[in-house]
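One structure is given below, encoded as C-alpha coordinates.
Every chain is numbered from 1, with letters handed out A, B, ... down the list of sequences.
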Amino acid sequence: MGLLLSRQHQRSALLRAFALLSQTFLWLGRGSLRRRRQQFIEQLFEMGNRSVLFITVTLGTLGMISVFQVLIQVDRILPEYSVVGPAFLLTMVREFAPTIAGLMIATRVGSGIAAEIGSMVVTEQVDALRMCNAEPVDYLVAPRFAACLIQTVLLTMYGGVVSVVAGGLVANLVWGIPYEVFFRVDNITYSDFLAGFLKCVAYGIAIPIAAAQAGLETEGGSEGVGTATTRAVVNASFCVVVLDFILSGFAFFFLFD
Amino acid sequence: MISFENIHKSFGSRGVLQGVSLSVPTGAIRFIIGASGAGKSVLVKHLIGLIRPDQGRISLDGEDITHLTEKGFYTVRMKCAMVFQHSTLFDSMSLIDNVKLPLRKHKNLTSSEAENEAMYRLEQVQMAKDARRYPADIGDGLRKRVAIARALTLDPKYVVFDEPTTGLDPLAAVNVDQLIRELSDEFNVTSIVVSHDLRSIFTVADQIAMLYNGQVLLDGTPDDFRQSDDSVIRQFIEGRATGPMEFPKASRG
(Lines give C-alpha, C1' and ligand atoms only; values in the text may rest on other atoms or scores of the structure.)
Protein backbone atom coordinates (compact mmCIF):
# COMPACT_ATOMS: atom_id res chain seq x y z
CA MET A 1 0.00 0.00 0.00
CA GLY A 2 2.83 2.35 0.93
CA LEU A 3 4.39 1.84 -2.47
CA LEU A 4 1.25 2.67 -4.42
CA LEU A 5 1.64 6.40 -4.36
CA SER A 6 -0.78 8.90 -5.81
CA ARG A 7 0.21 10.87 -8.90
CA GLN A 8 0.50 14.05 -6.83
CA HIS A 9 2.75 12.30 -4.32
CA GLN A 10 4.91 10.93 -7.15
CA ARG A 11 5.30 14.46 -8.54
CA SER A 12 6.32 15.88 -5.18
CA ALA A 13 8.67 12.90 -4.65
CA LEU A 14 10.34 13.77 -7.94
CA LEU A 15 10.70 17.40 -6.89
CA ARG A 16 12.20 16.33 -3.56
CA ALA A 17 14.63 14.07 -5.41
CA PHE A 18 15.78 17.00 -7.55
CA ALA A 19 16.11 19.15 -4.42
CA LEU A 20 18.24 16.45 -2.80
CA LEU A 21 20.36 16.17 -5.95
CA SER A 22 21.02 19.93 -6.02
CA GLN A 23 21.89 19.97 -2.32
CA THR A 24 24.28 17.07 -2.88
CA PHE A 25 26.05 18.91 -5.71
CA LEU A 26 26.17 22.01 -3.51
CA TRP A 27 27.90 20.14 -0.68
CA LEU A 28 30.28 18.42 -3.08
CA GLY A 29 31.15 21.86 -4.44
CA ARG A 30 31.83 23.03 -0.88
CA GLY A 31 34.45 20.32 -0.38
CA SER A 32 32.39 17.62 1.33
CA LEU A 33 34.66 14.84 0.01
CA ARG A 34 37.82 16.57 1.24
CA ARG A 35 36.40 16.72 4.76
CA ARG A 36 34.96 13.23 4.65
CA ARG A 37 37.72 11.44 2.77
CA GLN A 38 37.76 8.42 5.09
CA GLN A 39 34.02 7.88 4.77
CA PHE A 40 34.24 8.30 0.99
CA ILE A 41 36.97 5.65 0.74
CA GLU A 42 34.98 3.27 2.96
CA GLN A 43 31.95 3.74 0.72
CA LEU A 44 34.04 3.15 -2.41
CA PHE A 45 35.21 -0.14 -0.91
CA GLU A 46 31.75 -1.12 0.33
CA MET A 47 29.99 -0.37 -2.96
CA GLY A 48 32.74 -1.41 -5.35
CA ASN A 49 34.91 -4.20 -4.02
CA ARG A 50 32.05 -5.93 -2.27
CA SER A 51 29.94 -5.86 -5.46
CA VAL A 52 32.57 -7.42 -7.70
CA LEU A 53 31.53 -11.04 -7.13
CA PHE A 54 27.84 -10.18 -7.56
CA ILE A 55 28.50 -8.32 -10.83
CA THR A 56 30.84 -11.04 -12.08
CA VAL A 57 28.25 -13.78 -11.54
CA THR A 58 25.21 -11.89 -12.87
CA LEU A 59 26.82 -10.26 -15.92
CA GLY A 60 28.91 -13.34 -16.70
CA THR A 61 25.87 -15.61 -16.59
CA LEU A 62 23.86 -13.16 -18.66
CA GLY A 63 26.61 -13.05 -21.31
CA MET A 64 26.78 -16.84 -21.52
CA ILE A 65 23.01 -17.35 -21.68
CA SER A 66 22.48 -14.57 -24.24
CA VAL A 67 25.12 -15.88 -26.61
CA PHE A 68 23.93 -19.47 -26.18
CA GLN A 69 20.29 -18.61 -26.92
CA VAL A 70 21.15 -16.38 -29.89
CA LEU A 71 23.38 -19.06 -31.39
CA ILE A 72 20.59 -21.64 -31.12
CA GLN A 73 18.27 -19.33 -33.10
CA VAL A 74 20.98 -18.42 -35.63
CA ASP A 75 21.75 -22.09 -36.11
CA ARG A 76 18.09 -22.78 -36.96
CA ILE A 77 17.44 -19.82 -39.26
CA LEU A 78 20.75 -18.68 -40.71
CA PRO A 79 23.80 -20.81 -39.98
CA GLU A 80 26.11 -17.81 -40.22
CA TYR A 81 27.85 -17.38 -36.88
CA SER A 82 30.22 -14.57 -37.78
CA VAL A 83 27.57 -11.86 -37.16
CA VAL A 84 26.77 -13.02 -33.62
CA GLY A 85 29.94 -11.78 -31.88
CA PRO A 86 29.98 -8.23 -33.32
CA ALA A 87 26.21 -7.85 -32.77
CA PHE A 88 26.55 -9.09 -29.19
CA LEU A 89 29.46 -6.72 -28.49
CA LEU A 90 27.54 -3.77 -29.91
CA THR A 91 24.44 -4.56 -27.86
CA MET A 92 26.52 -4.97 -24.71
CA VAL A 93 28.30 -1.63 -25.16
CA ARG A 94 25.19 0.32 -26.05
CA GLU A 95 22.58 -1.34 -23.90
CA PHE A 96 23.00 -4.45 -21.79
CA ALA A 97 26.22 -3.80 -19.89
CA PRO A 98 25.12 -0.42 -18.46
CA THR A 99 21.47 -1.32 -17.93
CA ILE A 100 21.87 -4.78 -16.41
CA ALA A 101 24.78 -3.58 -14.26
CA GLY A 102 22.65 -0.52 -13.32
CA LEU A 103 19.79 -2.75 -12.19
CA MET A 104 22.17 -4.95 -10.20
CA ILE A 105 23.74 -1.89 -8.54
CA ALA A 106 20.27 -0.48 -7.81
CA THR A 107 19.53 -3.72 -5.98
CA ARG A 108 22.73 -4.19 -4.05
CA VAL A 109 23.99 -0.64 -3.48
CA GLY A 110 20.61 1.13 -3.45
CA SER A 111 19.22 -1.15 -0.76
CA GLY A 112 22.40 -0.71 1.30
CA ILE A 113 22.24 3.10 1.17
CA ALA A 114 18.54 3.19 2.09
CA ALA A 115 18.92 0.68 4.94
CA GLU A 116 21.92 2.47 6.40
CA ILE A 117 20.42 5.97 6.27
CA GLY A 118 16.96 4.68 7.22
CA SER A 119 18.35 3.00 10.35
CA MET A 120 20.05 6.26 11.29
CA VAL A 121 16.74 8.07 10.87
CA VAL A 122 14.72 5.71 13.06
CA THR A 123 17.40 5.63 15.77
CA GLU A 124 17.45 9.46 15.72
CA GLN A 125 21.11 9.63 14.63
CA VAL A 126 20.11 11.96 11.81
CA ASP A 127 18.36 14.22 14.34
CA ALA A 128 21.50 14.10 16.49
CA LEU A 129 23.56 15.17 13.48
CA ARG A 130 21.27 18.14 12.96
CA MET A 131 21.59 19.01 16.65
CA CYS A 132 25.37 19.20 16.11
CA ASN A 133 24.83 21.58 13.15
CA ALA A 134 26.02 18.83 10.87
CA GLU A 135 24.01 18.73 7.67
CA PRO A 136 22.84 15.14 6.89
CA VAL A 137 23.26 15.67 3.13
CA ASP A 138 26.88 16.69 3.68
CA TYR A 139 27.62 13.86 6.11
CA LEU A 140 25.58 11.00 4.72
CA VAL A 141 24.50 11.61 1.13
CA ALA A 142 27.47 13.36 -0.55
CA PRO A 143 30.12 10.65 0.16
CA ARG A 144 27.73 7.87 -0.84
CA PHE A 145 26.67 9.72 -3.98
CA ALA A 146 30.24 10.28 -5.18
CA ALA A 147 31.27 6.72 -4.37
CA CYS A 148 28.23 5.26 -6.14
CA LEU A 149 28.76 7.41 -9.23
CA ILE A 150 32.39 6.31 -9.59
CA GLN A 151 31.68 2.67 -8.83
CA THR A 152 28.71 2.48 -11.21
CA VAL A 153 30.97 3.51 -14.09
CA LEU A 154 33.78 1.16 -13.04
CA LEU A 155 31.54 -1.80 -12.24
CA THR A 156 29.68 -1.39 -15.53
CA MET A 157 32.91 -1.39 -17.51
CA TYR A 158 34.12 -4.42 -15.58
CA GLY A 159 30.74 -6.20 -15.90
CA GLY A 160 30.68 -5.51 -19.64
CA VAL A 161 34.10 -7.09 -20.08
CA VAL A 162 33.11 -10.12 -17.97
CA SER A 163 29.91 -10.57 -19.95
CA VAL A 164 31.64 -10.34 -23.32
CA VAL A 165 34.43 -12.72 -22.28
CA ALA A 166 31.90 -15.20 -20.89
CA GLY A 167 29.87 -14.99 -24.11
CA GLY A 168 33.04 -15.48 -26.19
CA LEU A 169 33.98 -18.57 -24.17
CA VAL A 170 30.57 -20.14 -24.76
CA ALA A 171 30.71 -19.31 -28.47
CA ASN A 172 34.15 -20.87 -28.76
CA LEU A 173 33.81 -23.88 -26.48
CA VAL A 174 30.23 -24.90 -27.38
CA TRP A 175 29.88 -23.74 -30.99
CA GLY A 176 33.52 -23.66 -32.08
CA ILE A 177 33.48 -20.01 -33.20
CA PRO A 178 37.07 -18.71 -33.29
CA TYR A 179 37.85 -15.85 -30.87
CA GLU A 180 39.05 -13.57 -33.68
CA VAL A 181 35.65 -13.94 -35.37
CA PHE A 182 33.60 -13.44 -32.20
CA PHE A 183 35.57 -10.48 -30.83
CA ARG A 184 35.48 -8.36 -33.98
CA VAL A 185 35.09 -4.75 -32.90
CA ASP A 186 35.28 -2.96 -36.26
CA ASN A 187 31.59 -1.95 -36.26
CA ILE A 188 31.72 -0.36 -32.77
CA THR A 189 32.24 3.41 -32.86
CA TYR A 190 33.04 6.06 -30.25
CA SER A 191 29.35 7.03 -30.34
CA ASP A 192 28.45 3.57 -29.07
CA PHE A 193 30.88 3.91 -26.18
CA LEU A 194 29.59 7.41 -25.49
CA ALA A 195 25.98 6.16 -25.37
CA GLY A 196 26.97 3.43 -22.90
CA PHE A 197 29.03 5.85 -20.81
CA LEU A 198 26.20 8.41 -20.61
CA LYS A 199 23.92 5.69 -19.30
CA CYS A 200 26.46 4.68 -16.64
CA VAL A 201 26.75 8.27 -15.44
CA ALA A 202 22.98 8.80 -15.41
CA TYR A 203 22.41 5.60 -13.41
CA GLY A 204 25.28 6.50 -11.09
CA ILE A 205 23.50 9.76 -10.29
CA ALA A 206 19.95 8.41 -10.07
CA ILE A 207 20.57 5.29 -7.93
CA PRO A 208 22.16 6.95 -4.85
CA ILE A 209 19.70 9.85 -4.93
CA ALA A 210 16.63 7.56 -5.12
CA ALA A 211 18.10 5.39 -2.34
CA ALA A 212 19.16 8.26 -0.07
CA GLN A 213 15.78 9.93 -0.47
CA ALA A 214 14.01 6.71 0.55
CA GLY A 215 16.36 6.42 3.53
CA LEU A 216 15.93 10.02 4.68
CA GLU A 217 12.14 9.73 4.42
CA THR A 218 11.98 6.59 6.57
CA GLU A 219 9.17 6.63 9.12
CA GLY A 220 8.46 4.37 12.06
CA GLY A 221 10.79 1.66 13.37
CA SER A 222 12.41 -1.38 11.79
CA GLU A 223 9.32 -1.94 9.64
CA GLY A 224 9.87 1.54 8.21
CA VAL A 225 13.47 0.67 7.33
CA GLY A 226 12.20 -2.39 5.44
CA THR A 227 9.67 -0.30 3.54
CA ALA A 228 12.31 2.33 2.74
CA THR A 229 14.68 -0.33 1.44
CA THR A 230 12.01 -1.80 -0.83
CA ARG A 231 11.08 1.67 -2.03
CA ALA A 232 14.73 2.46 -2.76
CA VAL A 233 15.15 -0.65 -4.92
CA VAL A 234 11.85 -0.09 -6.74
CA ASN A 235 12.52 3.63 -7.37
CA ALA A 236 16.17 3.16 -8.37
CA SER A 237 15.30 0.30 -10.76
CA PHE A 238 12.46 2.37 -12.20
CA CYS A 239 14.90 5.28 -12.73
CA VAL A 240 17.33 2.96 -14.54
CA VAL A 241 14.63 1.70 -16.91
CA VAL A 242 13.19 5.16 -17.64
CA LEU A 243 16.64 6.71 -18.13
CA ASP A 244 17.58 3.82 -20.42
CA PHE A 245 14.54 4.55 -22.57
CA ILE A 246 15.27 8.30 -22.70
CA LEU A 247 19.01 7.96 -23.37
CA SER A 248 18.52 5.21 -25.96
CA GLY A 249 16.15 7.55 -27.81
CA PHE A 250 18.64 10.41 -27.49
CA ALA A 251 21.50 8.25 -28.78
CA PHE A 252 19.39 6.92 -31.67
CA PHE A 253 18.54 10.42 -32.90
CA PHE A 254 21.73 12.32 -32.06
CA LEU A 255 24.67 9.94 -31.76
CA PHE A 256 24.26 6.94 -34.05
CA ASP A 257 24.64 7.13 -37.83
CA MET B 1 11.45 30.74 29.29
CA ILE B 2 10.00 28.34 26.77
CA SER B 3 6.41 28.44 25.65
CA PHE B 4 4.34 26.23 23.39
CA GLU B 5 1.04 27.77 22.32
CA ASN B 6 -1.76 25.75 20.75
CA ILE B 7 0.55 23.29 18.98
CA HIS B 8 -1.07 20.97 16.43
CA LYS B 9 0.81 18.21 14.66
CA SER B 10 -0.46 15.33 12.55
CA PHE B 11 1.33 12.46 10.84
CA GLY B 12 -0.87 11.37 7.97
CA SER B 13 -4.40 11.13 9.28
CA ARG B 14 -3.33 10.74 12.91
CA GLY B 15 -3.46 13.94 14.95
CA VAL B 16 -0.70 13.50 17.55
CA LEU B 17 -0.87 16.95 19.10
CA GLN B 18 -4.20 18.76 19.09
CA GLY B 19 -3.74 22.15 20.68
CA VAL B 20 -1.00 21.67 23.28
CA SER B 21 -0.08 24.76 25.29
CA LEU B 22 2.46 24.82 28.09
CA SER B 23 5.37 26.88 29.34
CA VAL B 24 8.65 26.15 31.09
CA PRO B 25 10.11 28.84 33.36
CA THR B 26 13.87 29.40 33.41
CA GLY B 27 15.72 27.06 35.77
CA ALA B 28 12.78 24.71 36.26
CA ILE B 29 12.64 20.98 35.65
CA ARG B 30 9.51 20.29 33.65
CA PHE B 31 8.49 16.66 33.16
CA ILE B 32 6.29 15.75 30.22
CA ILE B 33 4.62 12.44 30.83
CA GLY B 34 2.04 10.24 29.18
CA ALA B 35 1.57 6.83 27.65
CA SER B 36 3.81 5.66 24.79
CA GLY B 37 2.70 7.31 21.57
CA ALA B 38 1.07 10.26 23.37
CA GLY B 39 3.27 12.75 21.49
CA LYS B 40 5.77 13.67 24.22
CA SER B 41 8.89 13.34 22.06
CA VAL B 42 7.09 14.93 19.13
CA LEU B 43 6.29 17.97 21.28
CA VAL B 44 9.83 18.53 22.56
CA LYS B 45 11.37 18.08 19.10
CA HIS B 46 9.39 21.13 17.99
CA LEU B 47 11.54 23.26 20.29
CA ILE B 48 14.74 22.52 18.40
CA GLY B 49 13.28 22.47 14.91
CA LEU B 50 13.52 18.72 14.34
CA ILE B 51 9.76 18.69 13.76
CA ARG B 52 7.72 21.65 12.51
CA PRO B 53 4.18 22.30 13.82
CA ASP B 54 1.14 22.29 11.55
CA GLN B 55 -0.26 25.11 13.63
CA GLY B 56 0.67 27.03 16.78
CA ARG B 57 3.54 29.13 18.11
CA ILE B 58 6.77 28.27 19.94
CA SER B 59 8.84 30.92 21.68
CA LEU B 60 12.22 30.77 23.38
CA ASP B 61 13.26 33.63 25.66
CA GLY B 62 10.44 35.71 24.21
CA GLU B 63 11.52 35.17 20.60
CA ASP B 64 9.15 33.46 18.17
CA ILE B 65 11.09 30.50 16.73
CA THR B 66 8.16 28.76 15.01
CA HIS B 67 9.15 29.56 11.46
CA LEU B 68 12.93 29.70 11.68
CA THR B 69 14.85 28.10 8.83
CA GLU B 70 17.14 25.11 9.42
CA LYS B 71 20.06 27.56 9.58
CA GLY B 72 18.07 29.80 11.94
CA PHE B 73 17.75 26.88 14.34
CA TYR B 74 21.57 26.62 14.60
CA THR B 75 21.59 29.31 17.30
CA VAL B 76 18.61 27.72 19.06
CA ARG B 77 20.47 24.38 19.14
CA MET B 78 23.48 26.05 20.77
CA LYS B 79 21.26 27.22 23.61
CA CYS B 80 19.09 24.15 23.75
CA ALA B 81 20.67 20.68 23.78
CA MET B 82 18.95 17.32 23.54
CA VAL B 83 19.74 13.91 24.99
CA PHE B 84 17.96 11.43 22.76
CA GLN B 85 16.09 8.36 23.92
CA HIS B 86 18.54 5.88 22.35
CA SER B 87 21.65 7.95 23.12
CA THR B 88 22.26 8.21 19.33
CA LEU B 89 26.02 8.20 19.44
CA PHE B 90 27.57 7.87 15.99
CA ASP B 91 28.79 4.29 15.66
CA SER B 92 31.65 5.15 13.32
CA MET B 93 33.21 7.63 15.79
CA SER B 94 35.03 7.02 19.08
CA LEU B 95 33.35 8.34 22.22
CA ILE B 96 35.59 11.41 22.36
CA ASP B 97 34.96 12.16 18.68
CA ASN B 98 31.22 12.00 19.37
CA VAL B 99 31.62 14.61 22.11
CA LYS B 100 33.95 16.73 19.96
CA LEU B 101 31.53 16.95 17.04
CA PRO B 102 29.21 19.71 18.37
CA LEU B 103 32.23 21.67 19.62
CA ARG B 104 33.84 21.62 16.20
CA LYS B 105 30.63 22.37 14.32
CA HIS B 106 29.13 24.99 16.63
CA LYS B 107 32.23 26.67 18.05
CA ASN B 108 34.69 26.07 15.22
CA LEU B 109 37.35 24.94 17.71
CA THR B 110 40.56 23.32 16.51
CA SER B 111 40.87 19.58 16.98
CA SER B 112 43.17 19.87 20.03
CA GLU B 113 40.99 22.54 21.70
CA ALA B 114 37.91 20.42 21.12
CA GLU B 115 39.79 17.37 22.42
CA ASN B 116 40.60 19.06 25.76
CA GLU B 117 37.07 20.33 26.20
CA ALA B 118 35.57 16.94 25.26
CA MET B 119 37.85 15.13 27.71
CA TYR B 120 36.73 17.48 30.49
CA ARG B 121 33.08 16.69 29.67
CA LEU B 122 33.78 12.96 29.67
CA GLU B 123 35.47 13.30 33.09
CA GLN B 124 32.29 14.94 34.38
CA VAL B 125 30.33 11.80 33.58
CA GLN B 126 33.14 9.43 34.67
CA MET B 127 33.81 8.24 31.11
CA ALA B 128 37.27 9.74 30.45
CA LYS B 129 39.04 6.38 30.70
CA ASP B 130 36.84 5.00 27.89
CA ALA B 131 37.30 8.02 25.60
CA ARG B 132 38.95 6.06 22.76
CA ARG B 133 36.42 3.25 22.76
CA TYR B 134 33.52 3.02 20.31
CA PRO B 135 29.78 3.11 21.16
CA ALA B 136 29.38 -0.55 20.19
CA ASP B 137 31.94 -1.52 22.85
CA ILE B 138 30.00 -0.16 25.84
CA GLY B 139 26.59 -0.75 27.42
CA ASP B 140 23.41 1.35 27.23
CA GLY B 141 23.98 3.11 30.55
CA LEU B 142 27.49 4.22 29.60
CA ARG B 143 26.33 5.33 26.17
CA LYS B 144 23.69 7.47 27.83
CA ARG B 145 26.35 9.12 30.00
CA VAL B 146 28.40 9.98 26.90
CA ALA B 147 25.25 11.33 25.20
CA ILE B 148 24.71 13.59 28.22
CA ALA B 149 28.35 14.73 28.04
CA ARG B 150 27.88 15.53 24.37
CA ALA B 151 24.70 17.49 25.08
CA LEU B 152 26.43 19.56 27.77
CA THR B 153 29.53 20.49 25.75
CA LEU B 154 28.07 23.79 24.60
CA ASP B 155 26.96 24.86 28.13
CA PRO B 156 23.34 24.95 27.03
CA LYS B 157 20.76 27.04 28.83
CA TYR B 158 18.09 24.45 28.11
CA VAL B 159 18.39 20.67 27.94
CA VAL B 160 15.74 18.30 26.62
CA PHE B 161 16.04 14.77 28.01
CA ASP B 162 14.04 12.19 26.09
CA GLU B 163 13.43 9.26 28.47
CA PRO B 164 16.85 9.61 30.11
CA THR B 165 16.46 6.73 32.56
CA THR B 166 14.85 4.18 30.24
CA GLY B 167 17.00 1.06 30.02
CA LEU B 168 19.30 2.09 32.86
CA ASP B 169 19.93 0.10 36.03
CA PRO B 170 18.45 1.73 39.17
CA LEU B 171 21.79 3.14 40.31
CA ALA B 172 22.58 4.70 36.93
CA ALA B 173 19.02 6.08 36.79
CA VAL B 174 19.49 7.79 40.18
CA ASN B 175 22.79 9.28 38.92
CA VAL B 176 21.03 10.73 35.89
CA ASP B 177 18.27 12.16 38.09
CA GLN B 178 20.90 13.77 40.34
CA LEU B 179 22.66 15.23 37.34
CA ILE B 180 19.43 16.82 36.09
CA ARG B 181 18.82 18.26 39.57
CA GLU B 182 22.39 19.61 39.80
CA LEU B 183 22.13 21.26 36.40
CA SER B 184 19.07 23.12 37.61
CA ASP B 185 20.28 23.99 41.13
CA GLU B 186 23.90 24.87 40.37
CA PHE B 187 23.88 26.13 36.80
CA ASN B 188 20.27 27.33 36.49
CA VAL B 189 19.83 25.06 33.46
CA THR B 190 16.21 24.57 32.42
CA SER B 191 15.34 20.93 31.75
CA ILE B 192 12.47 19.38 29.87
CA VAL B 193 12.32 15.69 30.69
CA VAL B 194 10.17 13.27 28.71
CA SER B 195 9.58 10.29 30.93
CA HIS B 196 7.21 7.73 32.31
CA ASP B 197 9.52 6.73 35.15
CA LEU B 198 7.35 7.48 38.21
CA ARG B 199 10.33 7.39 40.58
CA SER B 200 12.10 10.11 38.58
CA ILE B 201 8.93 12.11 38.20
CA PHE B 202 8.28 12.34 41.94
CA THR B 203 11.90 12.90 42.98
CA VAL B 204 13.14 15.40 40.40
CA ALA B 205 10.24 17.25 38.76
CA ASP B 206 9.35 20.83 39.61
CA GLN B 207 6.38 20.77 37.25
CA ILE B 208 4.57 18.05 35.36
CA ALA B 209 2.46 18.13 32.22
CA MET B 210 0.60 14.98 31.25
CA LEU B 211 -0.32 14.53 27.59
CA TYR B 212 -3.38 12.52 26.76
CA ASN B 213 -5.32 12.28 23.50
CA GLY B 214 -3.16 15.02 21.97
CA GLN B 215 -3.84 17.55 24.72
CA VAL B 216 -2.53 18.53 28.15
CA LEU B 217 -4.59 16.61 30.68
CA LEU B 218 -2.82 17.99 33.74
CA ASP B 219 -0.34 20.83 34.22
CA GLY B 220 0.91 21.23 37.78
CA THR B 221 3.33 20.21 40.52
CA PRO B 222 4.09 16.64 41.62
CA ASP B 223 1.68 17.18 44.52
CA ASP B 224 -1.11 18.26 42.15
CA PHE B 225 -0.42 15.10 40.20
CA ARG B 226 -0.44 12.85 43.29
CA GLN B 227 -3.66 14.34 44.59
CA SER B 228 -5.51 14.34 41.29
CA ASP B 229 -8.87 12.53 41.21
CA ASP B 230 -8.84 12.19 37.44
CA SER B 231 -9.37 8.51 36.64
CA VAL B 232 -6.83 8.50 33.77
CA ILE B 233 -4.16 10.05 35.99
CA ARG B 234 -4.94 7.61 38.81
CA GLN B 235 -4.57 4.72 36.38
CA PHE B 236 -1.20 6.09 35.20
CA ILE B 237 0.13 6.60 38.75
CA GLU B 238 -1.08 3.23 39.95
CA GLY B 239 0.22 1.50 36.81
CA ARG B 240 -3.00 -0.39 36.20
CA ALA B 241 -3.41 -2.14 32.85
CA THR B 242 -7.17 -1.74 32.92
CA GLY B 243 -9.02 1.54 33.22
CA PRO B 244 -10.34 4.44 31.20
CA MET B 245 -7.00 5.27 29.52
CA GLU B 246 -7.04 4.86 25.74
CA PHE B 247 -3.69 3.92 24.25
CA PRO B 248 -2.63 5.49 20.94
CA LYS B 249 -2.35 3.02 18.06
CA ALA B 250 0.93 4.21 16.55
CA SER B 251 4.12 4.27 18.57
CA ARG B 252 5.59 7.59 17.39
CA GLY B 253 6.46 9.88 20.27
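Annotation: side chain of M131(A) is in contact with side chain of F84(B) (closest heavy-atom distance under 4.5 Å).
Heavy-atom distances place no part of A147(B) under 4.5 Å from chain A, backbone and side chain included. If you measure heavy-atom distances from L103(B) to chain A, you find no contacts under 4.5 Å at all.
The neighbour count for R37(A) CZ, taken as heavy atoms of other residues, nucleotides or ligands under 6.0 Å away, does not exceed 12. More than 12 non-hydrogen atoms from other residues, nucleotides or ligands lie less than 6.0 angstrom from CE of M78(B). Within 6.0 Å of CZ in F96(A) there are 12 or fewer heavy atoms belonging to other residues, nucleotides or ligands. When the shell of 6.0 Å around CD of E113(B) is examined, it contains more than 12 heavy atoms from other residues, nucleotides or ligands. Enclosure of atom OH in Y74(B) by more than 12 non-hydrogen atoms of other residues, nucleotides or ligands within 6.0 angstrom is indicated.
The one candidate from I48(B), I51(B), L50(B), T88(B) that meets the side chain to side chain contact (heavy atoms under 4.5 Å, CB included) condition with D127(A) is L50(B).
Among the candidates E70(B), K71(B), R104(B), R150(B), the residue making the largest number of heavy-atom pairs closer than 4.5 Å to chain A is E70(B). For the set H86(B), H106(B), Q85(B), the count of heavy-atom pairs under 4.5 angstrom toward chain A peaks at H106(B).
Separating the OG1 atom in T123(A) from the CG atom in D91(B) is a distance of 7.5 Å, to the nearest 0.5 Å. To the nearest 0.5 angstrom, S92(B) atom OG is 10.0 Å from Q38(A) atom CD. The NZ atom of K45(B) lies 9.5 Å from the CZ atom of R130(A); values are rounded to the nearest 0.5 Å.
Of all the heavy atoms in Y139(A) and K105(B), the pair that sits closest is OH-CD, 3.9 Å.
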